[in-house]
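Take a look at the structure below.
Every value quoted in this text rests on a predicted model; they were computed, and no experiment measured them. Index from 1, following the sequence.
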Amino acid sequence: MIIKTFPIGLYSSNIYILIDDKTKEMALIDCGSAEFSNIIDEFSSYKLKYILLTHGHNDHTEGVRSIKKAYGPTVVMGKNEENGLGRFRFMDYIPVDRWVSEGDVIELGSLKISVIETPGHTLGGVCYLAEDALFSGDTLFRRSVGRWDLQGGNEETLKSSIQNKLFTLNDDVKVYPGHESSTTIGFEKKNNMYV
């Protein structure tokens with residue numbers, strides 16, 4: 001498994017490239033910039049199979065439509081995001097092909113990616129777990145958590161998502177958040193004052 005991190009745009013949103021090195025299949029986790037197609041071209045020996053969206057905010061979805069048009073990947077998003085942000089402006093331009101829920105598994109070559117529903121930052125936020133790598137979107141950051149004061153957000157729901165779902169994972173699981181640097185579950189259990 002290969003993971004590459006690209007902070008993009010005004011808000012330095014992380015776009016991740018996840019590659020199954022056995023089959024050369026590739027996924028993007030979040031897609032906050034249309035200009036990202038220049039970077040994808042550098043990975044032309046791989047097949048872009050998925051765009052996995054952690055939630056529907058613009059800084060994580062802005063490039064989806066153009067990347068979908070250019071490369072044809074399947075766009076995946078949490079089912080509850082359709083209800084939470086679905087009537088808001090974000091969903092008008094996100095061409096979702098597959099809605100996923102807690103426990104669903106996405107196959108990327110030989111990798112199995114588990115869906116973990118983590119509402120709180122938005123109603124339908126999800127995290128993706130691939131082996132010992134957790135892509136947490138705006139749910140969990142290094143020493144912080146996502147905002148809960150936007151549409152669909154809720155402080156207690158966010159904290160519950162982290163405590164009851166993410167903090168039950170192995171301490172060694174590496175967390176790749178939607179902004180800033182990576183961390184681990186164990187580090188956040190000990191050092192995150194928001195949870």
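A search for salt bridge (charged side-chain N to carboxylate O under 4.0 Å, His left out) contacts involving R98 returns nothing, not counting sequence neighbours. Applying the side-chain contact (heavy atoms from CB on, under 4.5 Å) rule to S66 yields the partners A34; only residues at least two apart in sequence or on another chain are considered. Qualifying side-chain hydrogen bond (donor to acceptor under 3.5 Å, both in side chains) partners for N170, counting only residues two or more places apart in sequence or in other chains: none. Considering only residues two or more places apart in sequence or on other chains, K189 meets the salt bridge (charged side-chain N to carboxylate O under 4.0 Å, His left out) condition with D171. Applying the side-chain contact (heavy atoms from CB on, under 4.5 Å) criterion to R147, with sequence neighbours excluded, gives H121, D149, L150. Every residue was checked against the ring-ring contact (aromatic ring centres under 6.0 Å, His included) condition with F167, not counting sequence neighbours, and none meets it. With sequence neighbours excluded, the residues satisfying side-chain contact (heavy atoms from CB on, under 4.5 Å) with E155 are W148, K159. Listed by chain and number, the residues in a side-chain contact (heavy atoms from CB on, under 4.5 Å) with Q163 are V195 (sequence neighbours excluded). Partners of Y16 under the ring-ring contact (aromatic ring centres under 6.0 Å, His included) rule, at least two apart in sequence or in another chain, are F135, Y176. Judged as a salt bridge (charged side-chain N to carboxylate O under 4.0 Å, His left out), and not counting sequence neighbours, the contacts of E25 are K49. Not counting sequence neighbours, D172 has no partner by the salt bridge (charged side-chain N to carboxylate O under 4.0 Å, His left out) test.
In this structure, CD1 in I15 is found 10.5 Å from CD1 in I29, a value given to the nearest 0.5 Å. In this structure, the separation between CG on D132 and OG1 on T184 is 11.0 Å, given to the nearest 0.5 Å. Here the NZ-CD1 distance, from K174 to I3, works out to 7.5 Å after rounding to the nearest 0.5 Å. Note that CG of N80 and CD of E117 are 5.0 Å apart. Values are rounded to the nearest 0.5 Å. In this structure, L140 CG and L134 CG are separated by 7.5 Å, a value rounded to the nearest 0.5 Å. Atom CE of M77 and atom CG of D97 lie 11.5 Å apart (nearest 0.5 Å).
Taking every heavy atom of both residues into account, I19 and I17 meet most closely at CG1-CG2, 3.6 Å. In terms of heavy atoms, T23 sits closest to G109 at OG1-CA, 3.3 Å. I113 approaches A130 most closely through the heavy-atom pair CG1-CB, 4.0 Å.
Contact check for F141 versus N192: no side-chain heavy atoms found under the 4.5 Å cut-off. Using a 4.5 Å heavy-atom threshold, the side chains of I8 and I39 count as touching. Side-chain contact between L111 and E131 is present, with at least one heavy-atom pair separated by less than 4.5 Å. Two residues are said to be in side-chain contact when any heavy atoms from C-beta on lie closer than 4.5 Å; V126 and H55 fail this criterion. Put simply, the side chain of D30 reaches to within 4.5 Å of the side chain of L53, judged on heavy atoms. Proximity of M26 to Y50: side-chain heavy atoms (C-beta onward) are nowhere separated by under 4.5 Å. Between R143 and Y194 the shortest side-chain heavy-atom distance does not fall below 4.5 Å. Taking the side chain as every heavy atom from C-beta outward, L48 and I67 approach each other to under 4.5 Å.
Hydrophobic clustering (side-chain heavy atoms under 4.5 Å, transitive across Ile, Leu, Val, Met, Phe, Trp, Tyr) keeps V175 apart from L28. Follow the hydrophobic side-chain contacts under 4.5 Å out from M193 and you never reach F187; the two are in separate clusters. L18 is not connected to L169 by any chain of hydrophobic side-chain contacts under 4.5 Å among Ile, Leu, Val, Met, Phe, Trp and Tyr, and they are in different clusters. Note on W99: it does not cluster hydrophobically with V76, by side-chain heavy-atom contacts below 4.5 Å among ILVMFWY residues. Both V96 and Y71 belong to a common hydrophobic cluster when Ile, Leu, Val, Met, Phe, Trp and Tyr are linked at side-chain heavy-atom distances under 4.5 angstrom.
Defined by atom type and a distance below 3.5 Å, a donor-acceptor pair is missing between the side-chain atoms of D21 and Y46. Side-chain N/O atoms of D59 and H179 include a donor and acceptor closer than 3.5 Å. Using modelled atom types, one finds no donor on one side chain facing an acceptor on the other under 3.5 Å when comparing S33 with E62. Between D138 and H60, the side chains place a donor N or O and an acceptor N or O closer than 3.5 Å (distance only, hydrogens not considered). Side-chain contact, T118 with T139: a donor N or O sits under 3.5 Å from an acceptor N or O.
Side-chain N or O atoms of T61 include one that pairs as donor or acceptor with a backbone N or O of H57 at under 3.5 Å. With hydrogens and angles disregarded, no donor-acceptor distance shorter than 3.5 Å links the side chain of S160 to the backbone of E156. No donor-acceptor pair under 3.5 Å is formed between the side chain of T54 and the backbone N or O of C127. Formation of a donor-acceptor pair under 3.5 Å by the Y128 side chain with backbone atoms of I106 is not found in this model. A side-chain donor-acceptor contact under 3.5 Å links N14 to the backbone of P177. Proximity of a side-chain donor or acceptor of E81 to a complementary backbone N or O of G56 within less than 3.5 Å is detected.
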Problem set entry | side chain to side chain contact (heavy atoms under 4.5 Å, CB included) assessment of V115 paired with L129 | CA-CA 7 Å; V115 176; L129 180 65; over 6 Å; no

Problem set entry | Verdict with supporting geometry, R65 and I94, side chain to side chain contact (heavy atoms under 4.5 Å, CB included) | CA-CA 6 Å; R65 187 171 289 281; I94 304 173; over 6 Å; no

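Between E102 and K165 there is a salt bridge, since a side-chain N of the basic residue sits under 4.0 Å from a carboxylate O of the acidic one.
For residues 103-113, the side-chain hydrogen bond (donor to acceptor under 3.5 Å, both in side chains) pairs, not counting sequence neighbours, are D20-S110, E107-K112.
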